[in-house]
2 protein chains.
Amino acid sequence: MRIGELAREAGTTTRTLRYYEARGLLPARRGENGYRRYDEEDLRLLRQIRLLQDFGFELEETRPFVDCLRAGHPSGDSCPASLDVYRRKLAELDAVIGRLQEVREQVGAQLARAELEVSAAEPPEPRCEMTQGHERGADDGGDD
Amino acid sequence: MRIGELAREAGTTTRTLRYYEARGLLPARRGENGYRRYDEEDLRLLRQIRLLQDFGFELEETRPFVDCLRAGHPSGDSCPASLDVYRRKLAELDAVIGRLQEVREQVGAQLARAELEVSAAEPPEPRCEMTQGHERGADDGGDD
DNA sequence: GTAGACCTTGACGCCGACGTCAACGCCAGG
DNA sequence: CCTGGCGTTGACGTCGGCGTCAAGGTCTAC
């Protein structure tokens with residue numbers, strides 16, 4: 001299969017495949033005409049790469065998985081090096097998520113405080129107090 | 001105060017301050033010698049910027065806060081435009097955090113599965129089966 | 001034979017927030 | 001006067017993962 005076909009199969013672009021090859025991640029055999037040739041195995045490798053990329057892994061971090069598959073293992077994470085990447089990534093994710101949650105709380109608190117101060121500064125719209133003995137008919141008019 | 005001094009006060013660099021000025025975010029008055037001159041107000045603005053930057057806001061997103069302060073408001077988030085940024089940022093944070101948690105679960109699950117498969121594949125270390133009638137002395141060896 | 005769809009390499013562009021260097025000006029202390 | 005420490009502008013480098021040309025070669029269908 002040629003580069004465009006593989007790209008389509010994997011939902012990516014030829015530029016990306018050439019980039020991977022340049023990085024030594026997914027080298028291709030060459031036909032007589034100099035065109036890159038790929039097989040089903042390459043498609044597997046590529047799918048592994050894309051999956052991890054979608055997870056936010058850097059390209060270099062996908063290399064152990066690719067190497068693992070290429071070594072004949074059933075899946076990309078059948079090798080210790082891949083598991084190490086998983087573990088590092090988990091720790092990294094936890095750190096980032098924790099930091100973002102912290103930020104989220106800070107920003108949320110700031111927003112709440114700022115909104116309060118704004119509403120305190122402008123006291124309009126008395127919010128329709130319910131005075132006693134002031135009931136209305138059946139259709140009391142939608143308040144929305 | 002001069003640029004180096006302000007940078008030190010705010011825990012940043014002169015390069016950063018020049019960058020902010022180039023972006024129109026923190027323009028400086030000039031002394032006779034062409035040196036940039038800053039005052040305490042600029043320090044406040046700068047601190048507002050740095051705070052938001054630490055939160056992961058892009059520079060452009062800090063602009064409403066800076067403008068707000070410069071307009072004489074008590075704090076950078078006393079203006080509607082700033083609140084809008086807060087809200088957009090919250091939504092963004094929630095989305096990112098959600099996505100990362102999703103990824104974290106996926107990666108965690110993959111790791112667990114892969115570890116299981118590995119331990120299933122290599123049955124070494126028989127984990128010291130207790131054969132009957134093979135008891136040892138008092139100190140039976142800490143299993144860690 | 002020619003259009004058009006594919007392929008090749010090479011190289012620059014992009015994004016954001018600066019870092020880093022070059023080459024120069026200004027000013028205070030000894 | 002000279003050194004050293006500040007300042008100035010300008011411009012290129014960084015990082016990742018490609019996008020997007022440009023200028024050509026190849027192959028297929030009509």
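Proteins come first, then strands; the chains are lettered A, B, ... in the order of their sequence lines, and each starts at number 1. Source: prediction; values computed, not measured.
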Where along residues 4-29 of chain B does a heavy atom come under 4.0 Å from DNA chain C, residue by residue in number order?
-> B/T13, B/R15, B/T16, B/Y19, B/Y20

Contacting residues from residues 37-44 of chain B, given that a heavy atom lies under 4.0 angstrom of DNA chain C = none

Full working for side-chain contact (heavy atoms from CB on, under 4.5 Å) between A/R36 and A/R30 = CA-CA 5 Å; A/R36 291 173 177 81; A/R30 297 303 181 111; 3.3 Å; yes

Nearest to the side chain of A/R30, which nucleotide is it out of D/dG17, C/dC6, C/dT9?
-> C/dT9

Carboxylate-amine/guanidinium proximity below 4.0 Å for [X] and [Y]:
| X | Y | answer |
| --- | --- | --- |
| A/R18 | A/E21 | no |
| B/E92 | B/K89 | yes |
| B/R44 | B/E40 | no |

Within a radius of less than 6.0 Å around CD of A/E105, do more than 12 heavy atoms belonging to other residues, nucleotides or ligands occur?
-> no

A/R23 atom CZ: more than 12 heavy-atom contacts under 6.0 Å = no

Is there a side-chain polar atom (N or O) of A/R36 under 4.0 Å from OP1 or OP2 of C/dT8?
-> yes

Is the distance from OP1 or OP2 of C/dG16 to the nearest side-chain N or O of B/Q53 less than 4.0 Å?
-> no

Determine, stepwise, if the pair A/D42 / A/R29 fulfils side-chain contact (heavy atoms from CB on, under 4.5 Å).
-> CA-CA 10 Å; A/D42 290 318; A/R29 271 98 350 203; 2.3 Å; yes

Residues B/V85, B/R88; criterion side-chain contact (heavy atoms from CB on, under 4.5 Å); working and verdict | CA-CA 5 Å; B/V85 174; B/R88 279 196 297 108; 3.8 Å; yes

Separation of [Y] [atom2] from [X] [atom1] (nearest 0.5 Å):
| X | Y | atom1 | atom2 | answer |
| --- | --- | --- | --- | --- |
| B/Q110 | A/L52 | CD | CG | 9.0 Å |
| B/D84 | B/E61 | CG | CD | 12.0 Å |
| B/R104 | B/L111 | CZ | CG | 9.0 Å |
| A/Y86 | A/F65 | OH | CZ | 4.5 Å |

Figure out the CD/P separation between A/E32 and C/dT8, and round it to whole Å.
-> 15 Å

Length of the CD1-C1' vector between B/I3 and C/dG25, whole Å = 15 Å

For B/I49, what are the other residues in its hydrophobic cluster, where any two members join if their side-chain heavy atoms are less than 4.5 angstrom apart?
-> B/M1, B/I3, B/L6, B/L17, B/Y19, B/Y20, B/L25, B/L26, B/Y38, B/L43, B/L45, B/L46, B/L59, B/V66, B/L69

Measure the angle between the two terminal helix axes of the helix from C/dG1-D/dC30 to C/dG30-D/dC1, five base pairs each, and quote it to 10°.
-> 30°

Would you kindly compare B/F57 and B/N33 by the position of their nearest DNA chain C nucleotide and give the one closer to the 5′ end?
-> B/F57

With A/S78, which of A/S82, A/S75, A/P80 fulfils side-chain contact (heavy atoms from CB on, under 4.5 Å)?
-> A/S75

Residues B/E102, B/R99; criterion salt bridge (charged side-chain N to carboxylate O under 4.0 Å, His left out); working and verdict = CA-CA 5 Å; B/E102 203 179 301; B/R99 168 64 182 157; 3.4 Å; yes

Carefully, step by step, assess A/Q101 and B/L100 under the rule side-chain contact (heavy atoms from CB on, under 4.5 Å).
-> CA-CA 11 Å; A/Q101 282 174 337; B/L100 288 183; over 6 Å; no

Nearest-nucleotide comparison on DNA chain D, the residue closer to the 5′ end among A/E58 and A/Y35 | A/E58

Could you list by number each residue of residues 59-70 of chain B showing a heavy-atom separation from DNA chain D of less than 4.0 Å, or answer none if no residue does?
-> none

Where along residues 96-103 of chain B does a heavy atom come under 4.0 Å from DNA chain D, residue by residue in number order?
-> none

